[in-house]
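Reckoned from all heavy atoms, side chains included, excluding hydrogens, waters and symmetry mates. Residue numbers run from 1 in the order of the sequence given. Just so we're clear, the structure is a prediction, and the values are computed from it rather than from any experiment.
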Amino acid sequence: MSASGGTKAIVAALSANLAIAVAKFVAFLFSGSSSMLAESVHSLADSGNQGLLLLGGKRAKRQATPEHPFGYGRERYIYAFLVSIVLFSVGGMFAIYEGYEKIKHPHEIEHWYWPVGVLVFAIIAEAFSFRTAIKESNPLRGKQSWSQFVRRAKAPELPVVLLEDLGALVGLILALGGVGLALATGNGVWDGIGTLCIGVLLIVIAIVLAAETKSLLLGESAGLDEVRKIEAALVDGDTVTRVIHMRTLHLGPEELLVAAKLAVQHDDTAAEVAAAINAAEARIREAVPIARAIYLEPDIYDEAAAAKGTNPAMTPSPGASPR
């Protein structure tokens, strides 16, 4: 992920949400609409989430230390996971509670023009933020569908902003529908139903985000394209004849660990093997620049043992499969 692209999308979302949160809360004070209160808390929670993403991006840039020799790249995953928790607890659960209370104790919406005007303004602002996130994501998405991009992206910021903005737009439409029905029927229960729907929507999005960031936290391999490039870069056809076994792991969105066992000729000298290993490392870094930590082990390939499967280390890596 382009760091500048991700930051641009986060800042756009943060600016929109702060302005919208203030406008929604003012509308709630004048109208008493529970949908507006839930939406103002939703926008405030989203603003906090974007702050967490910016903080995670900054902390991830710290230099490696003896205690953390592979650096702090995964902090971006940790803060993205915190976003899902905040969205679930502060946004979703509060909206469900407020919707339940409004259904149980409905009251008429006052000064209807406040919530309607603010919701229209909020839809325009969120649409601008969503458009920015889409524009920044498209170069990275390539030919993938949007669902594939969210599921397979190694950098969490853009998928998080995309889902947040999508949830915000749908939530605003639900709030507008709830307020509109409450005004049309004179029954405040509809306002509560709209609020309840917003809460359910936020919890669903939070669960999706938690599932995806949990997978990143546990550690994911490189994508299939990167695995193929690395395997092709390792074999020179002379000293290195094949990849016996390989594993990759993302240390962060833009840092990849590569560990591989390589087959070399049995009569090669130590100097020839060392030169071949160094050359293979250089080819990997040229093919996949995010491959920062590379550990290569030379070995003699035993075709009979690999065919029988008696030694897992002699079995060629199956490669990566997309999630």
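- Taking each heavy atom of Ala153 and Leu216 in turn, the nearest pair found is O-CD2, 3.9 Å.
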Carefully, step by step, assess Ser215 and Glu220 under the rule side chain to side chain donor-acceptor pair (under 3.5 Å). CA-CA 7 Å; Ser215 179; Glu220 291 190 354; 2.5 Å; yes
Candidate pair Glu164 and Gln50, rule side chain to side chain donor-acceptor pair (under 3.5 Å), full reasoning: CA-CA 10 Å; Glu164 278 190 348; Gln50 275 106 46; 2.4 Å; yes
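- Taking the six-membered ring for Trp and thresholds of 30 and 60 degrees, Phe30 and Trp114 have nearly parallel ring planes, at less than 30 degrees apart.
- How far CD of Glu231 is from CZ of Arg242: 11.0 Å, rounded to the nearest 0.5 Å.
- Salt-bridge annotation for Arg285 and Glu281: present, with a side-chain N of the basic residue lying under 4.0 Å from a carboxylate O of the acidic one.
- Inter-residue side-chain proximity for Leu37 and Phe94 is flagged as met; some heavy-atom pair is nearer than 4.5 Å.
- One distance of note links CD1 of Ile300 with NE2 of His266; it measures 7.5 Å at 0.5 Å rounding.
- Contact record, Ala64 with Gly71: CB-N, 3.7 Å, taken as the closest heavy-atom pair.
- A 4.5 Å side-chain heavy-atom check between Met246 and Leu234 finds at least one atom pair inside the cut-off.
- Taken together through direct or relayed side-chain contacts under 4.5 Å among Ile, Leu, Val, Met, Phe, Trp and Tyr, Ile20 and Val11 form parts of separate hydrophobic clusters.
- With rounding to the nearest 0.5 Å, the separation of CZ in Arg76 from OG1 in Thr213 is 13.5 Å.
- Under the 4.5 Å side-chain contact rule for hydrophobic residues, Ile85 and Val208 share a cluster.
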Verdict with reasoning, Leu163 to Val150, per side chain to side chain contact (heavy atoms under 4.5 Å, CB included): CA-CA 9 Å; Leu163 286 176; Val150 170; 4.0 Å; yes
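- Here Glu255 does not pair with Lys154 in a salt bridge; the nearest charged N to carboxylate O distance is not below 4.0 Å.
- In this structure, OG on Ser15 lies 11.5 Å from CD1 on Ile10, to the nearest 0.5 angstrom.
- Remark: side-chain polar atoms of Asn138 are not paired, donor with acceptor, to backbone N or O of Lys135 under 3.5 angstrom.
- A donor-acceptor contact under 3.5 angstrom links the side chains of Ser43 and Lys24, judged on distance only.
- Ala9 and Glu136 make their closest contact through CB-CG, 4.4 Å (heavy atoms, listed as atom of the first residue, atom of the second, distance).
- The number of heavy atoms from other shown groups lying within 6.0 Å of CD (Glu286) does not exceed 12.
- In this structure, the side chains of Phe128 and Ile124 stay at 4.5 Å or more apart for every pair of heavy atoms.
- Linking Ile, Leu, Val, Met, Phe, Trp and Tyr whenever their side-chain heavy atoms come within less than 4.5 Å puts Leu29 and Val116 in one cluster.
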Side chain to side chain contact (heavy atoms under 4.5 Å, CB included), that's the test. Do Lys102 and Val189 meet it? Break it down for me. CA-CA 6 Å; Lys102 188 60 181 285; Val189 169; over 6 Å; no
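- Here the CG-CG distance, from Leu256 to Leu249, works out to 7.5 Å after rounding to the nearest 0.5 Å.
- Contact of the Tyr77 side chain with the Pro253 side chain is registered, since non-hydrogen atoms from C-beta on lie closer than 4.5 Å.
- Val235 is not listed as a side-chain neighbour of Leu262, based on a closest heavy-atom distance of 4.5 Å or more.
- The main-chain N or O of Ala222 is found under 3.5 Å from a side-chain atom of Thr248 such that the two form a donor-acceptor pair.
- When hydrophobic clusters are built by joining Ile, Leu, Val, Met, Phe, Trp and Tyr residues whose side-chain heavy atoms come closer than 4.5 Å, directly or via intermediates, Ile205 is grouped together with Ile123.
- Between Ala293 and Phe70, the closest heavy-atom pair is CB-CE2, 4.0 Å.
- Residues Leu158 and Ala133 approach most closely at CD2-O, 4.3 Å, considering heavy atoms.
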What verdict does the side chain to side chain contact (heavy atoms under 4.5 Å, CB included) test give for Arg292 and Leu251, after you've listed the backbone C-alpha separation in whole Å, the side-chain angles of each residue and the deciding distance to 0.1 Å? CA-CA 9 Å; Arg292 307 283 176 83; Leu251 302 173; 5.9 Å; no
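- When all heavy atoms are compared, the tightest approach of Ser137 to Leu162 is OG-CD1, 3.4 Å.
- Within the 3.5 Å criterion, the main-chain N or O of Ala125 finds no donor-acceptor partner in the side chain of Ser129.
- Note on Val179: it clusters hydrophobically with Leu202, by side-chain heavy-atom contacts below 4.5 Å among ILVMFWY residues.
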Between Arg247 and His245, does a side chain to side chain contact (heavy atoms under 4.5 Å, CB included) hold up when you go through it step by step? CA-CA 7 Å; Arg247 290 290 181 268; His245 181 76; 3.3 Å; yes
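- No side-chain heavy atom of Val118 sits under 4.5 Å from any side-chain heavy atom of Val26.
- Within the cation-pi definition used here (under 6.0 Å to the ring centroid, within 45° of the axis), Arg62 qualifies as a partner of Tyr72.
- Within 6.0 Å of OH in Tyr100 there are 12 or fewer heavy atoms belonging to other residues, nucleotides or ligands.
- Note that NZ of Lys214 and CG of Leu217 are 10.0 Å apart. Values are rounded to the nearest 0.5 Å.
- Side-chain contact between Arg283 and Asp236 is present, with at least one heavy-atom pair separated by less than 4.5 Å.
- Within the 4.5 Å cutoff, side-chain heavy atoms of Thr65 are placed close to those of His68.
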